[in-house]
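All ligand and atom numbering here is 1-based and tracks the order in the structure. It should be emphasised that the depicted structure is a prediction, and the values quoted were computed from it without experimental measurement.
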Amino acid sequence: MDATLLVGGTVVSSTLAIQADVLIENGKIAAVGQLKETVPDFVERVDCQGKYVIPGGIDVHTHIDSPLMGTVTADDFVSGTIAAATGGTTTIVDFGQQLANQSLLESADVHHQKARGKAVIDYGFHMCVTDLYKGFESHMAELTQDGIASFKVFMAYRGSLMINDGELFDILKSVGDSGAKLCVHAENGDVIDRIAADLYSQGKTGPQYHELARPPATEVEAVSRAIKISQMAEVPLYFVHLSTQGAVEEVATAQQSGWPIGAETCTHYLSLTRDAYDMPGFEPAKAVLTPPLRTQEHQDALWRGINTGALSVVSSDHCPFCFEEKKQMGSEDFRSIPNGGPGVEHRMLVLFETGVATGKISIQKFVEVTSENPAKQFGMFPKKGTISPGADADIVVLDPRGTTNISASTQKQKMDYTLYEGFTANCSINKVYSRGDLIAVNGAYVGAAGRGQFIKR
Ligand code: URP
Ligand code: ZN
Ligand code: ZN
């Protein structure tokens, strides 16, 4: 029998933080409690005193090896999942794109081929629906049966990814029939395109104008409209990457009226502000991601939304494009800069530092939004997202007295920059277990290649 005892750490869930031992047997959590005296001596013991023992991070918003905006994201499933693992994330749910002239089934197969045998942590997929071809509904139902039980639509990017309101209604009906979940990218794409075209025609072509083209109201309006459409379709939805105070308020109002909207925000909206667009030269391109970074006022509202529960998940929206590529593609026109930034590696560290260490959120809330709720929202709980008997032994030992300096020069993401260059987290990811295997130690990947398993949700 393969067994390990994690001794004396503070074991955390969304409701508890208690000093306890955790027994791992054959990849599963076998017991939690005062186990030192009862567990036989031959079981390996790992001293966790003074450390948090938390469920492995679950990042439900990544774009790995993904064709977007005329290029492909920089990480493949090897580098992306090694980066995730060393940063304390043991599960991702990645967005597969619907490919040009290919069905959702064919596109999902392609994404499976990219991940299989490469991912080092467990992974699920959402599929993006961008073309409603004849019969798309039955393919969505089939994918749901195959364990891809969530989809994403875009209310922005006309001409490539965007769907219209009628299509949003149709897709909601379809996910309602099959029992799947719909993730919505809520921005008013047409208004954004008008503002961006005006800026460009005034000679405002640099990366800093990305922010001005996407004012907060473009998100708030789309969130409000999508909520109303979901109520008309009688099917709830889940908002990805919310960035504004108004959006949080729209979601909270719907939730208070009894309409069960789910919503996430991302690490970068909680830790960075729009000041990134005041950087010199082409530097603002690093923060050309959508929606853009916002003011401190919006950031404060997002933290409040986390504490009230209006926002239940913090994801990374890891969508990495190298700075060099951003320059090559968008030096003449900010609209051509591929939208997205890296983040899967640093989500846990940055959120711990900016949230827990500063007292904005409790350690229990940290576990709730980084692991437990993502598992619950996306059909993986209680296999994932909890340290309880029977769950997969996906566990992070986090040292709140450690130090981690974030830099592009040491990161595992296949990127030439990080949004957190020079950031110091006063904590470290000491050990990471995935299904009982020790896969990362103090920032180094020590697990086997290609060991990740597809999660049918
Ligand atoms: O900037 C981002 N996030 N681009 C990637 C696609 C998306 O909208 O999530
Ligand atoms: Zn999006
Ligand atoms: Zn995204």
Q. Can the positive tip of Arg335 be found less than 6.0 Å from the middle of the six-membered ring of Tyr200, inside 45° of the ring normal?
A. yes
Q) Taking the six-membered ring of Phe77, is the NZ or CZ of Lys114 close enough (under 6.0 Å from the centre) and on axis enough (within 45°)? A) no
Q. N/O/S atom of His61 under 2.8 Å from the Zn ion (ligand 3), yes or no?
A. yes
Q: Using a cut-off of 2.8 Å, find all protein N, O or S atoms closer to the Zn ion (ligand 2) than that distance.
A: Lys152 NZ, His185 ND1, His241 NE2
Q: Could you tell me the separation between the CG atom of Asp94 and the NE2 atom of His61, rounded to the nearest 0.5 Å?
A: 9.0 Å
Q: Give me the one residue out of Glu219, Glu221, Glu187 that meets salt bridge (Lys or Arg N to Asp or Glu O under 4.0 Å) with Arg214.
A: Glu187
Q: Under the side-chain hydrogen bond (donor to acceptor under 3.5 Å, both in side chains) rule, what do Glu353 and Asn426 come out as? Steps first, then yes or no, please.
A: CA-CA 6 Å; Glu353 177 63 25; Asn426 291 296; 3.3 Å; yes
Q: Let me see the working for Asp394 and Lys384 under salt bridge (Lys or Arg N to Asp or Glu O under 4.0 Å), right down to the final yes or no.
A: CA-CA 7 Å; Asp394 292 356; Lys384 306 284 190 192; 2.8 Å; yes
Q: Report yes if the distance between the aromatic ring centroids of His185 and Tyr157 is under 6.0 Å, otherwise no.
A: yes
(Q) I'd like the residue list for ligand 1, meaning every protein residue with a non-hydrogen atom under 4.0 Å from the ligand. (A) His61, His63, Lys152, Phe154, His185, His241, Leu289, Thr290, Asp317, Cys319, Asn339, Gly340
Q. Would you find a donor on one side and an acceptor on the other, under 3.5 Å apart, between the side chain of Ser150 and the backbone of Leu182?
A. no
Q) Rounded to the nearest 0.5 Å, how far apart are OG1 of Thr354 and NZ of Lys360? A) 6.5 Å
Q. What's the spacing between His210 NE2 and Arg274 CZ if we round to 0.5 Å?
A. 12.0 Å
